[in-house]
Structure formats: structure tokens, C-alpha cells
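Below you'll find the structure, written out as C-alpha cells, and then a few comments.
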There are 2 protein chains.
Amino acid sequence: MDDATEVPEASRPVTIHMVAASAGVSASTVSRALNFPELVKPGTRERVLETVERLGYQPNRAARSLALGRTASLGLIVPDIANPFFAPFVKVVQARVREANYALFLADTDEDPSTEVELALAMSQQVDGLILCSPRMPGRKLRTIAAKTPVVVANRLSRSVPSIALDFGPGVQQAVAHVHALGHRRCAYLSGPGGSWSNRQRLRAFTAHCESYGIELVVLGPYEPVFSGGYRGADEALAARVTAIFAYNDMVALGVMSRLADRGVRVPDEMSVVGFDDIEVASMTSPPLTTVAIPVDTVAKASAALLLSLLAETTPQRPAAQELATRLVIRNTTGVPKEDRI
Amino acid sequence: MDDATEVPEASRPVTIHMVAASAGVSASTVSRALNFPELVKPGTRERVLETVERLGYQPNRAARSLALGRTASLGLIVPDIANPFFAPFVKVVQARVREANYALFLADTDEDPSTEVELALAMSQQVDGLILCSPRMPGRKLRTIAAKTPVVVANRLSRSVPSIALDFGPGVQQAVAHVHALGHRRCAYLSGPGGSWSNRQRLRAFTAHCESYGIELVVLGPYEPVFSGGYRGADEALAARVTAIFAYNDMVALGVMSRLADRGVRVPDEMSVVGFDDIEVASMTSPPLTTVAIPVDTVAKASAALLLSLLAETTPQRPAAQELATRLVIRNTTGVPKEDRI
DNA sequence: CGTCGTCATGCAATCGATTGCACAACCTGC
DNA sequence: GCAGGTTGTGCAATCGATTGCATGACGACG
């Protein structure tokens with residue numbers, strides 16, 4: 001009842017013509033008053049803006065897009081929104097993109113490469129640019145999509161498409177040096193998804209650094225990169241008689257710890273565990289997880305910034321690629337191996 | 001180089017007129033062949049569809065929206081994407097909405113009610129419908145927005161706007177009965193954000209049930225509904241000499257546990273902790289958290305379904321409201337209070 | 001005081017798709 | 001063989017905003 005005054009007519013939205021009529025000018029003038037204020041006489045401008053305000057006019061985005069050929073929206077495609085690694089990424093991208101007055105379309109591929117391609121192709125039509133987070137699709141597809149709309153790839157290095165990737169080298173080197181210093185000589189790597197660029201890179205880094213430190217590396221898996229993936233990983237790592245486990249990511253590491261606890265294996269006394277990503281919960285478990293930290297927020301910010309700069313610049317540059325460093329965060333899941341204890 | 005055949009012209013996108021010309025028909029026929037196949041002669045239809053395929057035509061969404069007055073996209077506004085409670089919500093909504101061939105705009109309010117209103121108003125112009133997840137804005141604003149576009153409110157009960165809410169009663173009753181049975185008689189409730197509907201409801205439920213079970217309830221806070229919010233909460237609960245803590249949500253509960261561990265207070269031996277929400281990590285900590293579970297996926301599905309049904313129906317119904325039940329999940333953070341031990 | 005230039009504004013076309021209406025071709029039945 | 005129907009297609013208007021071009025008003029300058 002008393003809402004009658006509050007709620008401004010549920011009827012048709014206000015168009016630029018209604019504003020024009022009400023202000024006694026043409027639609028062109030309204031458009032200019034809003035988009036190029038310096039082109040209209042101060043008096044008129046004021047009257048128009050006042051009318052806009054009074055009528056609560058908001059330009060129709062579809063009409064605007066059609067005329068301008070720009071949608072003022074960007075797309076973000078991630079493998080799994082609910083994954084604690086990607087959620088902060090989405091959050092940061094959304095915030096940056098919004099700052100630049102773009103709206104954000106979000107889609108989740110459920111970790112499926114073909115869904116990924118499908119979504120990217122569908123989205124490429126309705127956005128001004130696209131951020132593909134940890135894409136699993138083949139490079140060829142990536143290029144096809146990049147040909148239709150500006151694209152930035154995050155968490156994967158590409159030569160043909162602008163990308164923000166991670167250099168796992170430093171973090172992995174520190175992790176390997178760390179367990180080596182503690183006395184470990186036989187470790188396991190629990191692999192992530194086969195098609196994943198991240199997994200290949202991490203595996204390669206662990207292999208290389210273990211080799212150079214004289215650590216024997218047992219590669220197990222692949223496992224699903226989730227909590228329960230760590231169960232099997234823990235069992236197989238125990239069977240492989242290693243003293244330390246490098247997990248593909250923190251979720252797997254947490255699963256490993258849970259499974260080890262179930263089997264009565266104490267961490268870090270009887271088994272050391274190193275995670276990857278440094279997601280928020282990694283510091284919240286007990287014992288808190290030693291893990292290779294990834295600067296997610298930085299990656300997200302850089303991806304958004306890169307896409308925005310791509311859209312801003314008039315002359316297309318050659319694809320830029322940036323690699324951000326990782327580093328080891330030592331907490332309490334790594335220790336001296338059992339045999340070496342006093 | 002060899003991409004030349006793969007990558008289809010980065011030039012202007014294909015319009016309906018190009019398809020029409022290439023197929024030797026008018027644009028109207030192309031449009032009909034795609035939208036109302038039964039209206040065009042099988043032979044023509046086939047030729048058109050084949051041409052569409054060959055040229056890789058995809059209708060321009062902006063033009064379509066303008067003509068139809070529908071955008072084929074929905075909006076979702078959440079307080080915090082990175083919050084492990086909301087992330088699964090977003091994921092499920094995205095999936096359901098996509099199934100119905102809608103794209104999803106996502107925005108994050110950073111827990112700020114005025115940002116929330118601002119975003120909702122901005123979005124209401126460019127979507128066919130809006131889901132407001134755990135909105136903190138006043139009911140009046142909610143109604144203003146609902147007048148501009150179909151809206152569904154999730155995690156909050158409303159009389160004027162269709163909503164999917166939670167009935168905290170059952171879960172809280174079980175939680176209170178549980179700690180009462182264990183022997184607790186003085187408990188703390190760590191409040192969440194003051195403006196939050198959830199917090200008010202939870203507080204009310206705890207107050208009522210503690211009263212009826214003869215448990216003395218100390219209300220503390222409000223605290224920020226995050227991990228670190230639990231630090232202060234833990235300290236103040238200890239100072240208040242309670243034997244059990246009901247946290248506003250799981251994140252706070254985890255913060256509490258961490259702080260208790262730091263202060264050498266053992267859970268559940270010296271302090272029982274009950275969380276709220278049953279987010280994924282609640283089962284992954286040690287000890288695993290006893291908590292009041294919320295059917296997030298169900299809420300998300302129901303919200304999406306409700307909005308879609310609102311859009312599908314021609315005659316507007318009066319706002320429907322649904323309440324989903326909560327329940328207690330007993331894990332290992334609740335036990336007999338210290339004094340009562342053998 | 002006349003001419004020219006500048007400034008402010010309006011007209012009309014445009015973006016790409018949809019759709020009411022008109023028309024042509026064909027079919028049916030008497 | 002012709003009226004009345006049905007079916008398939010095209011024309012042109014429409015959605016709402018932007019923008020190149022034209023026009024009218026006004027001021028400056030000689």
C-alpha cells in the first residue's frame with residue numbers, strides 16, 4: 001500500500017525518447033548530454049540531466065550494444081567455481097572488471113574441456129573479451145576462440161594468446177630443497193588431471209629438482225584434484241614406501257592428511273605432506289599445511305588488467321605473456337623422516 | 001600458418017543478411033527457419049540451416065534482445081564469492097541457469113548493503129531476472145528492485161518478493177538438544193553481522209531453544225563472519241566461562257578452534273564447538289566440526305527453478321515463499337563438558 | 001551592416017534481428 | 001474453371017541508442 005509512492009511504476013522502462021520529449025529536446029541531444037557533455041550547451045545539458053534523474057532513465061544496454069558494437073561485458077570461464085582455488089580468482093576478477101564498468105558473465109565448465117570450448121564459443125559472441133582460467137582445451141581451439149574475441153588465458157602459458165602464467169620453478173625448488181634438508185630421499189608426487197597444463201608443469205618441476213637434489217621421485221596417479229582424490233593417493237603413497245608426499249594441490253593434500261589420520265599415520269612424524277596453491281584453508285587445518293603458494297590474487301588482477309588493456313589499445317600488439325613466481329610456505333606438515341629420528 | 005584453415009576470418013561477424021543472401025532467401029526466412037522451423041518449407045529450411053552451418057552464423061545477442069525485449073541472461077548477486085558458503089551456491093545456480101539457456105551475470109557486493117542495492121539496480125536493466133543471495137538491503141529497496149525485474153531472494157524470507165529461505169528451527173533445536181544431552185548448561189552464541197537476516201533468525205532460534213532446554217545463553221559479538229572473526233569470539237567466550245560455543249557460521253567456528261588450539265584449550269575436551277552451514281571444509285578439519293547443516297545446493301536449485309518458473313509463467317502469481325529445513329551434523333567437536341568428566 | 005565561422009541542435013540512417021501484414025502460388029471442391 | 005483456403009515468403013516497421021551530416025542561430029570581424 002504505502003509502497004505506491006516508493007515503487008516507481010512497474011510499467012515500460014524509460015527510453016531516451018521519453019526523456020527527450022520531457023526535456024523538450026531531441027533524442028540526439030539527450031544522448032550527447034550523457035556521452036559527450038561538452039558538446040551540449042550548459043543550460044540544455046543541465047535540463048536534460050535533471051530530466052534523466054527525475055525519470056530515472058537508464059540507457060538500454062542492448063540498444064547501446066547494437067549501436068556501438070560493444071557489449072560492456074566480459075566473460076570468465078573457470079573449471080570449478082566451488083573450488084577454493086578458483087573462487088578467490090573469480091572474486092578478484094569480478095571486482096577489477098566492475099571497476100572498469102564492465103559486467104561479468106561467469107561460466108563453470110565442471111572441469112570438462114569440451115564444455116569449456118562450447119562455453120567459450122557461445123560467450124565469444126556476447127562479450128567484449130574473455131578470460132579463460134586454467135583452460136584445458138587444446139591450443140588450436142584456444143586460437144580459434146582468440147580469433148573471434150580478445151582473450152586472456154590465466155594459469156597457462158601460451159605463445160599465441162596473451163597469458164598470465166605461473167612459474168612453478170621457484171616454489172618447487174624451495175619445496176624440494178626443504179624436504180631434502182629434512183632428510184627425505186624418496187618422495188611421491190600425486191598427479192593431477194592428465195590434460196592439465198598445471199599438472200604437467202608441476203610434474204616437470206618436481207622431476208627436475210628432485211633429480212638435481214638426488215631425491216627419488218615416485219609419480220602416482222592421476223587423481224581427481226579434490227579432497228577425496230587424496231584418499232587413494234595416500235594409500236598408494238604409503239604402499240610406495242615414501243617418506244614425503246608432494247600433492248598436486250592443497251585439496252588433495254588435505255585428503256591425504258585425512259586418510260593418513262584414519263590409518264593412524266602421524267603427520268609430519270611418520271609422513272611429510274606438501275600441498276600446492278596455498279588456498280585459504282591450508283592454514284586453517286591442524287597441523288597447518290606446508291605448501292607451495294601461488295599468488296592467485298595477483299594472477300587474477302593481472303589477467304583482468306591485461307584484458308582491459310587489450311580492449312583499450314587501438315593497435316593490436318603481439319601476445320604478451322607474463323610469468324608470476326611461486327614460493328614455499330613452510331607450516332607444520334613437513335618434518336624429519338621417521339628413520340632418522342633420535 | 002597452418003591455422004589459416006582453422007581460424008575462420010577474424011573480420012566482421014556473420015549477420016542474418018549474409019546468410020539470407022548466401023542462401024538466396026530473405027532475412028525473415030532465415031529468422032523463421034531458426035526460430036519457427038515449422039513455418040518454412042522443408043527444402044528451404046534445409047538450405048538455410050546448411051548455410052547457417054557453413055557460415056558459422058550466430059545471432060547477435062544485442063540485436064535479438066532489442067527486438068525481443070528479453071536478454072536471455074540472469075543476474076546473481078552474492079555477498080562474497082570467495083566465501084565457501086556462497087561458492088557452491090553460485091556454482092549450482094550457474095549450472096541450472098545455463099541448462100535453461102540463460103547466461104549468468106555475477107556480482108559480488110563485498111558484504112556491503114549499499115553496493116548490493118547499486119548492483120541490483122544496475123543489473124535489473126540488463127537481465128531478465130535476478131537472484132539475490134542473502135541480501136542485506138532493507139525490504140523497501142528489495143521491493144523497489146522487484147518492481148523493475150523479476151527477483152528471487154535466497155536465504156531470506158520475504159513476504160513481498162518470492163523467496164527461498166531456511167528454517168533454522170530444526171537444526172538449532174537438534175544442536176541445543178545435543179549439547180544439553182552432553183551436559184552443557186552455559187553456552188555462548190557468537191553473532192554474525194548485525195544487519196543479517198540469517199543472524200537474526202539464528203540468534204532467535206538459539207535463544208528460544210536454549211530457554212526451553214534450560215541452557216543459559218551468552219550472546220557475544222557481532223563478529224565478522226570470517227575465520228579471523230573467530231579469534232576474538234574464542235577469547236570472549238572463554239572469558240564468559242561457557243562450556244560450549246555456537247558459532248554464527250563454520251568459518252567463525254574454525255577460527256574459534258584455531259584460537260583455542262593456540263591457547264591450549266582442547267576441543268572437545270575443554271570446550272565444545274558447534275558451527276553453522278556445514279561448508280565443505282567443516283568435515284576436513286581435525287577434529288571434524290559438529291555443525292548445523294544447510295542444504296545449500298537445494299536452496300540454489302530451488303532459487304534458480306523459482307526464478308525460471310517466474311519467467312515462464314504468463315500470469316504473475318503472488319510471491320511464493322519456501323522454507324527448507326536444516327539439521328544437525330554431529331562430528332567430533334562436541335563432547336561432555338570438563339567438570340563432568342570422570 | 002554584411003559575410004563568414006562557430007556552436008548547438010535536430011534529422012535520419014544505422015546497428016541486427018524479429019514479426020505483422022500483404023501477396024503470390026498452389027490446392028481443394030463444386 | 002473459378003471462388004475460397006492454405007501455405008510459404010518477402011517487405012517494411014520496430015526495438016532504443018548512436019552519430020554523420022545539415023541547418024539555423026549567433027557572434028566576430030572588416
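Numbers restart at 1 for each chain; the letters A, B, ... are given by sequence-line order, proteins then strands.
When rounded to the nearest whole Å, the span between CD of Glu38(B) and P of dT6(D) equals 17 Å. Rounded to an integer number of Å, the gap from CG of Leu34(B) to C1' of dT19(C) is 15 Å. Atom CG of Leu66(B) is separated from atom C1' of dT18(D) by 12 Å (rounded to the nearest Å). When rounded to the nearest whole Å, the span between CD of Gln126(A) and P of dA17(C) equals 14 Å. Going from atom CE of Met18(A) over to atom C1' of dG16(D) covers 12 Å, rounded to whole Å. What separates CZ of Arg70(B) from P of dG16(D) is a distance of 15 Å, to the nearest Å. Distance, Gln58(A) CD to dA17(D) P: 11 Å, rounded to whole Å. Separating the CZ atom of Phe36(A) from the C1' atom of dG20(D) is a distance of 12 Å, rounded to the nearest angstrom.
Comparing Leu39(B) and Leu68(B) by the nucleotide of DNA chain D whose heavy atom lies nearest to each, the residue mapping closer to the 5' end is Leu39(B).
Between Asn60(B) and Thr15(B), the closest side-chain pair of non-hydrogen atoms is not below 4.5 Å. Two residues are said to be in side-chain contact when any heavy atoms from C-beta on lie closer than 4.5 Å; Ile145(A) and Met123(A) fail this criterion.
A close approach under 4.0 Å does not occur between any side-chain nitrogen or oxygen of Arg64(B) and OP1 or OP2 of dG16(C). At dG16(C), none of the side-chain N or O atoms of Tyr57(B) fall inside 4.0 Å of OP1 or OP2 (strictly under the cut-off). Residue Asn35(A) places at least one side-chain N or O under 4.0 Å from the OP1 or OP2 atom of dT18(D).
Applying the salt bridge (Lys or Arg N to Asp or Glu O under 4.0 Å) rule to Asp110(A) yields the partners Lys91(B); only residues at least two apart in sequence or on another chain are considered. By the side-chain contact (heavy atoms from CB on, under 4.5 Å) test, Ser163(B) pairs with Val153(B), Leu157(B), Ser158(B), Ala321(B), sequence neighbours left out. Applying the side-chain contact (heavy atoms from CB on, under 4.5 Å) rule to Ser309(B) yields the partners Leu306(B); only residues at least two apart in sequence or on another chain are considered. Residues forming a side-chain contact (heavy atoms from CB on, under 4.5 Å) with Pro59(B) (at least two apart in sequence, or on another chain): Tyr57(B), Arg64(B). Residues meeting the side chain to side chain donor-acceptor pair (under 3.5 Å) test with Gln125(A), sequence neighbours left out: Gln58(B). Residues satisfying the ring-ring contact (aromatic ring centres under 6.0 Å, His included) criterion with Phe105(A), sequence neighbours excluded, are Phe105(B). When the salt bridge (Lys or Arg N to Asp or Glu O under 4.0 Å) test is applied to Arg32(B), no partner is found at least two apart in sequence or on another chain.
Taking five base pairs at each end of the helix from dC1(C)-dG30(D) to dC30(C)-dG1(D), the local helix axes there meet at an angle of 50°, rounded to 10°.
In this structure, Thr15(B) reaches the sugar-phosphate backbone alone: every heavy-atom distance under 4.0 Å involves primed, P, OP1 or OP2 atoms, never a base.
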So which protein nitrogen or oxygen atoms get under 3.5 Å of nucleotides 10-14 of chain D's nitrogens or oxygens?
{"from": "dG10(D)", "atom 1": "OP1", "to": "Ser26(B)", "atom 2": "N", "distance (Å)": "3.4"}
{"from": "dG10(D)", "atom 1": "OP2", "to": "Ser26(B)", "atom 2": "N", "distance (Å)": "2.8"}
{"from": "dG10(D)", "atom 1": "OP2", "to": "Ser26(B)", "atom 2": "OG", "distance (Å)": "2.9"}
{"from": "dG10(D)", "atom 1": "OP2", "to": "Thr29(B)", "atom 2": "OG1", "distance (Å)": "2.4"}
{"from": "dG10(D)", "atom 1": "N7", "to": "Arg32(B)", "atom 2": "NH2", "distance (Å)": "2.8"}
{"from": "dG10(D)", "atom 1": "O6", "to": "Arg32(B)", "atom 2": "NH1", "distance (Å)": "3.4"}
{"from": "dG10(D)", "atom 1": "O6", "to": "Arg32(B)", "atom 2": "NH2", "distance (Å)": "3.2"}
{"from": "dC11(D)", "atom 1": "N4", "to": "Ser28(B)", "atom 2": "OG", "distance (Å)": "2.8"}

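Checking side-chain atoms of Asp128(B) against main-chain N and O of Arg70(B) turns up no donor-acceptor pair under 3.5 Å.
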Under 3.5 Å, which donor-acceptor pairs do the side chains of residues 17-27 of chain B form with other protein atoms, sequence neighbours left out?
{"from": "Ser22(B)", "atom 1": "OG", "to": "Arg54(B)", "atom 2": "NH2", "distance (Å)": "3.2"}
{"from": "Ser26(B)", "atom 1": "OG", "to": "Ser28(B)", "atom 2": "N", "distance (Å)": "3.4"}
{"from": "Ser26(B)", "atom 1": "OG", "to": "Ser28(B)", "atom 2": "OG", "distance (Å)": "3.3"}
{"from": "Ser26(B)", "atom 1": "OG", "to": "Thr29(B)", "atom 2": "N", "distance (Å)": "3.4"}
{"from": "Ser26(B)", "atom 1": "OG", "to": "Thr29(B)", "atom 2": "OG1", "distance (Å)": "3.4"}

Output a table of donor-acceptor pairs, distance under 3.5 Å, between side-chain atoms of residues 92-100 of chain B and any protein atom two or more places apart or on a different chain; print 'none' if there are none.
none

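The stretch residues 41-52 of chain A comes close to DNA chain C through Lys41(A), Thr44(A), each having a heavy atom under 4.0 Å from the strand.
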